[in-house]
Protein chains: 2
Amino acid sequence: MINVEDELFMNEGTGSQSATSHDVARLAGVSQSTVSRVFRRGGVVSPDMRARVMDAAQTLGYRPHAFARSLSTGQSRIIGIVILEKNRHQDYSGSLITWLGKNLAEKGYQIMVFLAPEDIADPGPLIQTILEHRVDGLVISAINISSHFAEECQRARIPVLLFNRHQTDRSVTSITTDDYGGARAIAEHFVERGHQRLSIIVGREDTSTSQDREQGFLDGVHAAGLTLCSRGVGAYDPTIAAEAASALMGVPADNRPSAVFVAGDQMALAVMDTLRFRLGLRIPEDVSVIGFDDIPEAAMPSFNLTTYRLPFRRLARVATDLIIEQIESSKVEPRREVVEGAIVERGSVASL
Amino acid sequence: MINVEDELFMNEGTGSQSATSHDVARLAGVSQSTVSRVFRRGGVVSPDMRARVMDAAQTLGYRPHAFARSLSTGQSRIIGIVILEKNRHQDYSGSLITWLGKNLAEKGYQIMVFLAPEDIADPGPLIQTILEHRVDGLVISAINISSHFAEECQRARIPVLLFNRHQTDRSVTSITTDDYGGARAIAEHFVERGHQRLSIIVGREDTSTSQDREQGFLDGVHAAGLTLCSRGVGAYDPTIAAEAASALMGVPADNRPSAVFVAGDQMALAVMDTLRFRLGLRIPEDVSVIGFDDIPEAAMPSFNLTTYRLPFRRLARVATDLIIEQIESSKVEPRREVVEGAIVERGSVASL
DNA sequence: AGTGCATATGACTACGCAGTCATAGCGTGT
DNA sequence: ACACGCTATGACTGCGTAGTCATATGCACT
C-alpha cells in the first residue's frame, strides 16, 4: 500500500500521471469538493481558497478530466459532425468544420468528426459509434445518409441538424441556402439579359439541394414564358458534369443553349473548361454560364464565374445557434431555416 | 426510492434515458460484469449467455458509454487533430481529416478536431482544452504553432505527430513530403529544359515546408552552376503570391525569370492568373511555372500546371501508423519520416 | 448573551464501465 | 469416491468529477 505522502511526491515530482482533483486537494489541504468548485463554472469559493487551490493545481499541472466530468454531469459538450468520407479537398467540409468548430468552441463545445462512406449500405455501425460517444448534438452534412439515420438519432434523444439538406417531411431541423430562390433568381438573371435557350446541369438527383435548385430554375424559366432547352446531370462531380456539358452542346445548333445554369461551382468550373478547351467555345460570347456556391476559385480571372453566393459564414452561425438551442432548451419543434445568398455578377454572362 | 421493477419498466417502456450495462444485466438476469464481458473485445462468455445478453441489450437499445469506458480503461481512443482555423476551403485540412479519420476509424480510434487561430498569441487555452480531453494522441497540422506547444503535450505524455512540418531539433516525431528533394528535382527539371534564369516564390518563411522547398530549389540551381534570378514571398496566400509574381516581372527584361517555381499550388494558380491576365504573359511560352502539392485544380485545362505531387494518401497512411505506434508501444524514439512524391508533367513548362 | 441566518467548506455518493478476485459448477483422472 | 483443475459467472472496487447534503464559522440583530 502506497501512503498518501508517497503518492503526493510521485505526482508532484515527476508529473508523470496526470494529477486528479484529489491530488490537488491534498496538496492544497482542502477537500476534493472545493477543488471541483474552483474549476467549475459558477462555483462559490472564497478568494484566498481559490488562490490556494489554483496554486496547487499549477504545481501539479492539474487539468480537469473532461470525460469524467461528462460522466458526472451527463453532458459531453461535444457536437458530432458527420461528413462524407470522400473529399477531393473540394467540397465545403473543411469550411464546415472550421466555422462550426469556431462558433461552437466559443460556446464551450468541442467537435468530433464522423465519416460516412459514400456508398454506405448499412449505417448501423456508424450510428452505433456516434451514439456510443454520447454527443450532445449532431450536425449531418453528408448528403447520402438515409433519413432513417436522423430518426434513429432522434429516438436516442440527441438533437440533429441537417446541414444544407432537408427532408420533405420536415421532421428534422435543417438549415439550407435558399436553393430554390437562388436558382430562380439565376433564371431571371439570364432572361433579363435576353437569353431564351436556357439549360441546366443539376447535381445529385437524390439531394434536396439539387432538387430545389432545379425546381427554382424551372419555375423561373416558366415564369418568363419559356421552356427548358435541355438538362444534364452532373452529380456534383466535375468529370460527370463535364460530360453532361459536352452532351448539351453536341446537338444541332438551334437546340443548343445560349446559357447554362450549373448547379454547383465545382461542376461549373469543369463545365467552363470543357466548353472552352474541348469544344472551343468562348465564354460568355458563345455560351453564358452561372454557377452556385461561390467557391474561391470562381473569382479567379481564369474563370471569373458569375454565381450565387452561398453565405457560408452565416450558414455556420445559424447552424450553431440552431443546434445549441435544441440542446439547451430540450424540447424545440423541428424547424427549417433558410438563409438567402445573392448573385455575384462576374464575367461569364453575356447580354444578348 | 424507486424499486428495481419500476426502473426496469421505465427504461424498457420509453427508451428515454439511455440504458446502462446494469439495466441490461437486470433484464437478462445476469451480473453487470457479464454484460461488460459481452461488450468488451476478447471477453470470455458462453455462447448462450452472450445471446441472452445481446437480446436484452437489443431490447433496451443499449450502447456502451464510450467515455465511461475511457474513465475505466484510461484510454480515450480519441486522436486530436489540430488544424488552422482559417480555411478558405483551399488547404488540405479537409483531406487530412478524411484520410486520417478513415484510417484511424479502422483501428478503432475517433477524431476530435481542435482549431488553432492563425495568429494565436497564447496557445495556453488551446493546450488546456486538448489536454482536458485526454486524447490518446495528437496530430498537429497547423503550421503556426510554436514548438512550445508540442513540448507541452509531450510533457503530458501524449504522443504528438507533426504533419507536414518538422522541428529542427528532431525532438518531435514528424511526417513530411520530401520538400527538399522535390524542390531540387524541380530545379533540375527547369535546367534540363534549358532554363537559366530561375526564380522562386516561397511560402511562409516561418514554416519548415517553405524553408526546405527553398533550400532544395537553391541547391538544385547552384548544382547546375547557376544563381537564383530572383525571389518573392507568397506566404501561402494567393493574393500575396500574385503580388510577388508582379514584382518578379516588373523589372528590366534581362532580370526577368524564364521559369518560376512557386512553392505551393494554391499560390501557383494565382500566380498563373496574374501572369496571364494582369501582365499579359503566355504560359509556358513567355514564362514557365511549376507548383508544389498537385491539388485537383492544377490538373484543370485552364491551368494544366506542372507540379510536384504530394502523395497525400500515403502521407495519411504513414501518419496513422506513426501515431498509433507511438500510442501502443509507449516508448518510441522521435522519428522524422519523409515521403517522396514525384513531378507531374503537364503543360506549364517550355523547353528552350 | 442568545437566536437566527448566510456563507464557506467537507463528507459522501452517483455517473457507467472495466478489471480483479473469489467461487460455483463441472468434468477428468486416479 | 475424492482431489484437482478448468471454465463461466458474480460481487466488488476504482476511474475522476459534480452535486447533494450536512456542518462549522462568522456576523447581525434582539
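Note that these values count all heavy atoms, side chains included, but never hydrogens, waters or copies made by symmetry. Sequence lines set the chain letters: A, B, ... in the order given, protein chains first and strands last, and positions in each chain run from 1.
In this structure, the CE atom of B/M49 is 11 Å from the C1' atom of D/dG10, given to the nearest Å. A/R26 has its CZ atom 15 Å from the C1' atom of C/dG10, to the nearest Å. Following rounding to the nearest Å, B/Q75 (CD) and D/dG16 (P) show an atom-to-atom distance of 14 Å.
A salt bridge is defined here as a Lys NZ or Arg NE, NH1 or NH2 lying under 4.0 Å from an Asp or Glu carboxylate O, and B/R77 with A/E132 fails to meet this definition. Note on A/D23 versus A/R26: salt bridge recorded, some NZ/NE/NH1/NH2 to OD/OE distance being below 4.0 Å.
Between atom CG of residue B/L162 and atom OG of residue B/S141 there is a gap of 10.0 Å, rounded to the nearest 0.5 Å.
Across A/L322, A/D321, A/T320, a single residue satisfies side-chain contact (heavy atoms from CB on, under 4.5 Å) together with A/I324, and that is A/T320.
The C1' atoms of five pairs define one axis at each end of the helix from C/dA1-D/dT30 to C/dT30-D/dA1, and these two axes lie 50° apart (to 10°).
Other residues, nucleotides and ligands contribute more than 12 heavy atoms inside 6.0 Å of the CZ atom of B/R336. Atom CE of B/M54 sits in a sparse spot, with 12 or fewer heavy atoms from other residues, nucleotides or ligands closer than 6.0 Å.
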Return a single string for nucleotides 13-24 of chain C, one symbol per nucleotide in 5' to 3' order, where B is base contact, S is sugar-phosphate-only contact and - is none, cutoff 4.0 angstrom on heavy atoms. --BBBBB-----
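Side chain of A/S36 to backbone of A/Q32: no donor-acceptor contact under 3.5 angstrom is found.
Remark: A/S31 is not in phosphate contact with C/dA11, judged by side-chain N or O atoms under 4.0 Å from OP1 or OP2. Using a 4.0 Å cut-off, some side-chain N or O of A/S46 falls inside it from OP1 or OP2 of C/dT9.
Judged as a ring-ring contact (aromatic ring centres under 6.0 Å, His included), the pairs with a partner in residues 30-74 of chain B (not counting sequence neighbours) are, in order, A/F67-B/F67, A/H133-B/F67, B/F39-B/Y62.
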